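Sequential numbering from 1 along the given sequence is applied to the chain's residues. Just so you know, these numbers come straight off a predicted model, no measurement behind them.
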Amino acid sequence: MRFYYIIAVLLLTALSLSGQSKKKIRAAEIQVKITWKIDYVGGQEVKRKEKEETFTTSGEIAEYIEYENDGSTKSHIKYTYSAEDNLLKEVTLDKNGSVEQTIEYTYKGKLKTEKRTLNPKGIPISKKLYEYKFFK
């Protein structure tokens with residue numbers, strides 16, 4: 001079940017970023033984007049932080065935090081990139097900030113060749129290999 005939750009969060013992250021392309025984020029020099037939600041309770045505005053996204057100078061997402069209605073952390077993912085902006089690592093943290101799982105990526109040039117999922121102790125729990133065939 002936790003796996004499906006993480007996949008859903010990653011998909012939502014990708015969808016939420018589609019409104020602001022890397023190019024636009026980089027051009028506007030956006031470092032952090034905070035999304036606020038305002039509910040109306042008894043005619044009064046109740047404002048709460050819904051999510052916070054931090055970006056690298058090249059416009060890649062560096063950190064994604066989604067919040068519960070009470071302000072506690074719902075999901076928290078940190079991203080690490082290579083100098084070529086290839087995603088190298090995704091670290092999912094639990095509500096207390098402890099590592100829940102790590103996903104590491106390996107590349108050959110610009111092509112992803114491997115994806116490894118590690119448990120909180122850094123022990124591999126799964127691996128995917130990517131093979132490419134080219135037109136000749």
Side-chain angles (χ1 to χ4, degrees):
M1 186 67 179
R2 178 175 277 176
F3 173 76
Y4 293 115
Y5 175 74
I6 291 169
I7 296 299
V9 168
L10 292 174
L11 288 173
L12 288 173
T13 301
L15 290 174
S16 70
L17 294 177
S18 64
Q20 300 287 335
S21 71
K22 283 191 323 182
K23 187 176 179 180
K24 287 182 181 179
I25 289 167
R26 192 173 48 244
E29 298 181 345
I30 296 171
Q31 181 179 1
V32 178
K33 174 183 163 190
I34 300 171
T35 303
W36 296 92
K37 182 165 192 301
I38 299 173
D39 291 314
Y40 292 90
V41 179
Q44 299 292 317
E45 286 187 358
V46 178
K47 180 180 176 183
R48 69 172 180 85
K49 192 184 294 189
E50 188 173 57
K51 62 184 169 184
E52 186 171 336
E53 299 159 287
T54 305
F55 301 94
T56 65
T57 55
S58 59
E60 302 287 353
I61 181 107
E63 187 170 13
Y64 176 86
I65 306 171
E66 187 175 2
Y67 298 96
E68 299 281 5
N69 288 339
D70 65 4
S72 64
T73 302
K74 183 175 186 177
S75 64
H76 188 173
I77 305 170
K78 292 184 178 185
Y79 302 88
T80 305
Y81 298 88
S82 69
E84 297 82 27
D85 286 335
N86 288 331
L87 177 61
L88 296 176
K89 188 186 288 188
E90 298 175 36
V91 178
T92 303
L93 306 171
D94 65 16
K95 292 182 182 214
N96 299 318
S98 299
V99 174
E100 197 169 78
Q101 116 173 340
T102 301
I103 300 174
E104 297 178 338
Y105 299 92
T106 304
Y107 296 83
K108 184 174 182 180
K110 291 198 173 265
L111 298 175
K112 184 183 344 174
T113 58
E114 184 178 308
K115 175 183 173 182
R116 292 185 335 139
T117 303
L118 312 166
N119 72 10
K121 294 181 181 179
I123 298 170
I125 53 177
S126 69
K127 177 166 56 170
K128 285 187 181 183
L129 299 175
Y130 302 94
E131 180 180 328
Y132 302 92
K133 295 186 181 186
F134 301 93
F135 292 103
K136 293 185 182 189

**OP:** Starting from the C-alpha separation in whole Å, work towards a yes-or-no answer on side chain to side chain contact (heavy atoms under 4.5 Å, CB included) for W36 and E50.
**Re:** CA-CA 5 Å; W36 296 92; E50 188 173 57; over 6 Å; no
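- The closest side-chain donor-acceptor pair between S58 and E60, if any, does not fall under 3.5 angstrom.
- Closest approach of F55 and I30 over heavy atoms only: CB-O, 3.8 Å.
- Counting heavy-atom neighbours within 6.0 Å of Q31 CD, excluding the residue itself, gives a total of 12 or less.
- Note on Y130: it clusters hydrophobically with F134, by side-chain heavy-atom contacts below 4.5 Å among ILVMFWY residues.
- Counting only distance, with no hydrogens or angles, the side chain of T102 and the backbone of L118 share no donor-acceptor pair below 3.5 Å.
- The distance from atom CD1 of I103 to atom CD1 of I125, rounded to the nearest 0.5 Å, is 8.5 Å.
- Following chains of ILVMFWY side-chain contacts shorter than 4.5 Å, one cannot reach L87 starting from V91, and the two form parts of different hydrophobic clusters.
- No hydrogens or angles considered: a donor-acceptor pair under 3.5 Å links the side chains of E90 and Y105.
- A side-chain donor-acceptor contact under 3.5 Å links D70 and S72.
- For the residue pair A62 and T56, the shortest heavy atom distance occurs at CB-CG2, 3.9 Å.
- N96 contributes no side-chain N or O that, together with a main-chain N or O of S98, makes up a donor-acceptor pair within less than 3.5 Å.
- The only member of E53, E52, K51 that meets side chain to side chain contact (heavy atoms under 4.5 Å, CB included) when paired with K33 is E53.
- The closest donor-acceptor contact from the side chain of Y81 to the backbone of I61 lies under 3.5 Å.
- To the nearest 0.5 Å, atoms OH (Y107) and CG (L88) are separated by 6.5 Å.
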**OP:** Please report the C-alpha distance between E131 and L129 in whole Å, then the side-chain angles of each, then the deciding distance to 0.1 Å, and finally whether the side chain to side chain contact (heavy atoms under 4.5 Å, CB included) criterion is met.
**Re:** CA-CA 7 Å; E131 180 180 328; L129 299 175; over 6 Å; no
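- The OG1 atom of T80 sits 12.5 Å away from the CG atom of N86 when rounded to the nearest 0.5 Å.
- In the model, Y40 has a side-chain atom that pairs as donor or acceptor with a side-chain atom of E45 under 3.5 Å.
- Looking at every heavy atom in both residues, Y132 comes nearest to K112 through OH-O, 2.6 Å.
- Under a cut-off of 6.0 angstrom, the local environment of NZ in K128 is sparse, with at most 12 non-hydrogen atoms contributed by other residues, nucleotides or ligands.
- Annotation: cation-pi pair K74/Y67 absent, no NZ/CZ under 6.0 Å from the ring centroid and within 45° of its normal.
- Across every non-hydrogen atom of R48 and D39, the tightest pair is NE-OD2, 4.4 Å.
- With E104 as the partner, the side chain to side chain contact (heavy atoms under 4.5 Å, CB included) test is satisfied by one option alone out of K115, E114, R116: R116.
- Considering every non-hydrogen atom in both T73 and K95, the closest pair reads O-CG, 3.2 Å.
- Side chain to side chain, H76 and E66 fail the donor-acceptor criterion of an N or O pair below 3.5 Å.
- Side chain of S82 to backbone of E84: a donor-acceptor contact under 3.5 angstrom is found.
- Q101 CD to L93 CG: the interatomic distance, rounded to the nearest 0.5 Å, is 11.0 Å.
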